[in-house]
2 protein chains.
Amino acid sequence: MDVRTLCLGALTLGDATGYEIRKMFEDGVFSHFLEASYGSIYPALTRLTEEGLVTCHSEQQEKRPDKKIYSVTAKGRTAFTEALLEPLAEDKFRSEFLFVMLFAHLLTPERVKGLIDEKLSEHKELAERLSGPADIGTPAADFIKDFGAVVHQASVDYLEKNRHKVEAIAGAPSSRAHAPQQDEDAAPSASPDKNKDRRQKELARIR
Amino acid sequence: MDVRTLCLGALTLGDATGYEIRKMFEDGVFSHFLEASYGSIYPALTRLTEEGLVTCHSEQQEKRPDKKIYSVTAKGRTAFTEALLEPLAEDKFRSEFLFVMLFAHLLTPERVKGLIDEKLSEHKELAERLSGPADIGTPAADFIKDFGAVVHQASVDYLEKNRHKVEAIAGAPSSRAHAPQQDEDAAPSASPDKNKDRRQKELARIR
DNA sequence: AGGGGGTATATAGGACCGATATAGGTCTTG
DNA sequence: CAAGACCTATATCGGTCCTATATACCCCCT
């Protein structure tokens, strides 16, 4: 499902400019489960217009750049409802936070605490924002919002209950840079066999 | 944080081939919060080698393509621990499922039920996999895994308790294609003022 | 014997993001 | 009241990354 389809869906909720669509992704209805940038929205709208799925009428306001307001056409509505029937991509979650936390033993407790505080307030803010009043975009909007609120609240709860564990790891001795260096750092060791052995163990550990 | 840094982190956990790194993202330690494809991993390893952050020794097995095993250098370790101190990108969640659910009123109850069943078993499988035995990559690996398990379990609980709401929306009358079409479908209406008015209302509704 | 799936590397093409440019408007605060 | 910060609004370039594909050989099952 590419940005073109996403824009089509956005316009199904009401006519809008590229700027307004972008805001739906940044602040609005879509903000907690989708992203799209100007760099993809504007080209998408151009192509949708070429394909006859949307129309565009410019509204010029004095001394301002034209406002291009896009509307879905009947053809666009059809195309969109058809797109909704196609198989969906899996949900994706990307967290550099968790990646860094995985290496807590290389960090200072202060760094770990700082990152968790940050993440915690992010989740709190989102849980807050999504449990807000039921201003509605579609009948299902409440269902979607509450879902988000619940998940973010679960994150908050987990972090508050378990943060001491990672913080302890970061604080533990023999972690970090001052720990004694291993022998094989600068170049592959002279003994490939030994190296391979160690590698096997490490891989077993990882999986 | 680009794929180069991610690969560096992966190699910090033990020497590996490009193929093995890819598996860490697909099945392994990173799988539930990161993604990276061959198309980015192989070029990343090449560049890391050029920059002296990793080394590569080929292990040729009879009648098989060379296996290129990569190892972090001291320089690579330093670069990685420094990368861990830089500001992190926000967590990202992308869900076409939620996007489609937002338009439940355009779908049949069967479609909605099918999608929820699918999503439910995805979450269940992940919750299961992440609450599994504590096979460890780093000291913090348990913390990260449990976090994932908790969040996926929260999703399962929410979907099971609330699925009837969206399913009811999809089943409700006056939804979908057979509903009477609005007047303004094919082209922008003849009255721009009226159009603008309606647009304002719709935008108010969305926010 | 043949197909399916696993190991393993590599690249071309396209989708998308991040940053930047432009340009005027409104709000804030010293 | 004026300077600076932020908002509206469109647009594009460079670079990163994913998808799909190609290659090549193995093992296992039927």
Side-chain angles (χ1 to χ4, degrees), chain A residues 1-7 15-28 30-31 34-50 54 56-70 86-94 96 199-200 203 207, chain B residues 1-7 15-28 30-31 34-50 54 56-70 86-94 96 199-200 203 207:
Chain A
M1 190 164 298
D2 55 20
V3 177
R4 265 180 29 255
T5 311
L6 266 26
C7 288
D15 300 355
T17 67
Y19 183 75
E20 285 164 342
I21 292 177
R22 160 71 201 181
K23 274 197 304 187
M24 295 187 205
F25 289 97
E26 206 193 319
D27 296 318
F30 302 145
S31 59
L34 285 179
E35 273 187 65
S37 68
Y38 289 127
S40 53
I41 290 172
Y42 282 114
L45 290 172
T46 306
R47 259 196 73 183
L48 286 170
T49 308
E50 284 164 10
V54 307
C56 168
H57 82 109
S58 291
E59 188 169 287
Q60 70 227 49
Q61 34 209 351
E62 300 123 37
K63 293 204 176 184
R64 283 274 204 123
D66 296 10
K67 213 177 190 176
K68 293 189 183 175
I69 300 169
Y70 292 89
E86 259 160 54
L88 305 181
E90 271 191 16
D91 287 1
K92 257 180 223 176
F93 174 60
R94 182 188 167 95
E96 298 190 356
R199 196 178 129 259
Q200 289 305 326
L203 278 174
R207 284 177 198 144
Chain B
M1 192 164 298
D2 56 20
V3 177
R4 266 177 34 250
T5 312
L6 264 27
C7 288
D15 300 356
T17 67
Y19 185 74
E20 285 163 342
I21 292 177
R22 160 72 202 183
K23 274 198 305 188
M24 294 187 207
F25 289 96
E26 205 193 319
D27 297 317
F30 302 145
S31 59
L34 284 178
E35 273 188 65
S37 67
Y38 290 129
S40 53
I41 290 172
Y42 283 114
L45 290 171
T46 306
R47 258 195 73 182
L48 285 170
T49 308
E50 285 165 9
V54 308
C56 167
H57 80 109
S58 292
E59 189 169 288
Q60 69 227 49
Q61 33 209 355
E62 299 121 38
K63 296 204 175 182
R64 282 275 203 119
D66 296 11
K67 211 178 193 178
K68 295 190 183 174
I69 300 168
Y70 293 89
E86 259 160 54
L88 305 182
E90 272 192 15
D91 287 2
K92 257 180 224 178
F93 174 60
R94 182 187 167 96
E96 298 190 355
R199 197 178 129 259
Q200 288 306 327
L203 278 173
R207 286 181 195 141

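Below, chain A is the first sequence line, B the second, and so on; all start at residue 1. We use all heavy atoms of the structure for the numbers below, so side chains are in, but hydrogens, waters and symmetry mates are not.
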Student: When the distance from NZ of A:Lys68 to C1' of D:dT8 is rounded to whole Å, what number comes out?
Tutor: 15 Å

Student: How many whole angstroms separate atom CD1 of B:Ile69 from atom P of C:dT7?
Tutor: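 My rounded result for the distance is 15 Å.
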
Student: Compare every heavy atom of B:Gly18 with every heavy atom of B:Leu45, then report the nearest pair and how far apart it is.
Tutor: CD1-CA, 3.7 Å

Student: Taking five pairs at each end of the helix from C:dA1-D:dT30 to C:dG30-D:dC1, what angle separates the two helix axes (nearest 10°)?
Tutor: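 Taking five pairs per end, the axes differ by 40°.
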
Student: Figure out the CD/P separation between A:Glu20 and D:dT8, and round it to whole Å.
Tutor: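 That distance rounds to 9 Å.
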
Student: Under 4.5 Å between any side-chain heavy atoms of B:Arg94 and B:Lys92, yes or no?
Tutor: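 They are not in side-chain contact.
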
Student: To the nearest angstrom, how far is A:Met1 atom CE from C:dC16 atom P?
Tutor: 12 Å

Student: Using atom CD of B:Glu96 as one end and atom C1' of C:dA15 as the other, report the distance to the nearest whole Å.
Tutor: 13 Å

Student: With a 4.0 Å cutoff (strictly under), does any side-chain N or O of B:Tyr19 reach OP1 or OP2 of C:dT9?
Tutor: no

Student: State, with a plain yes or no, whether a side-chain heavy atom of B:Ser37 is found less than 4.5 Å away from one of B:Arg22.
Tutor: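 Sidechains of B:Arg22 and B:Ser37: in contact.
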
Student: Output the rounded distance in Å from CD1 (B:Ile21) to P (C:dA10).
Tutor: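 For the pair B:Ile21 CD1 and C:dA10 P, the rounded distance is 12 Å.
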
Student: Provide, to the nearest angstrom, the distance between the NZ atom belonging to B:Lys23 and the P atom belonging to C:dG6.
Tutor: 10 Å

Student: Restricting both atoms to N or O, compile the protein contacts to nucleotides 18-20 of chain D shorter than 3.5 Å, with distance only.
Tutor:
from	atom 1	to	atom 2	distance (Å)
D:dC18	OP1	B:Glu35	O	3.2
D:dC18	OP2	B:Ser37	N	3.1
D:dC18	OP2	B:Ser37	OG	3.1
D:dC18	OP2	B:Ser40	OG	2.5

Student: Taking atom CD of A:Glu35 and atom CD of A:Glu26, what is their separation to the nearest 0.5 Å?
Tutor: 9.5 Å

Student: Could you check whether any side-chain heavy atom of A:Arg47 comes within less than 4.5 Å of a side-chain heavy atom of A:Arg4, counting everything from C-beta outward?
Tutor: yes

Student: Could you list the residues that satisfy side-chain contact (heavy atoms from CB on, under 4.5 Å) with A:Phe25, not counting sequence neighbours?
Tutor: A:Leu6, A:Ile21, A:Phe30, A:Leu34, A:Ala36, A:Ile41

Student: In whole Å, I'd like the distance from the CG atom of A:Leu6 to the P atom of C:dA15.
Tutor: 14 Å

Student: Considering residues, nucleotides and ligands other than A:Glu90, do more than 12 of their heavy atoms fall under 6.0 Å from its CD?
Tutor: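 No.
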
Student: What closest approach, in Å, do B:Met1 and A:Glu96 show between heavy atoms, and which atom pair accounts for it?
Tutor: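 Minimum heavy-atom contact is CB-OE2, 3.1 Å.
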
Student: Please state whether the phosphate of D:dT10, meaning OP1 or OP2, lies under 4.0 angstrom from any side-chain nitrogen or oxygen of A:Tyr42.
Tutor: yes

Student: At less than 4.0 Å, is any side-chain N or O atom of B:Thr17 found next to OP1 or OP2 of C:dT9? Yes or no.
Tutor: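 Yes, because at least one side-chain N or O of B:Thr17 sits under 4.0 Å from OP1 or OP2 of C:dT9.
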
Student: Please report the interatomic distance SG(A:Cys56) to CG(A:Asp15), rounded to the nearest 0.5 Å.
Tutor: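 CG of A:Asp15 is found 10.5 Å from SG of A:Cys56.
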
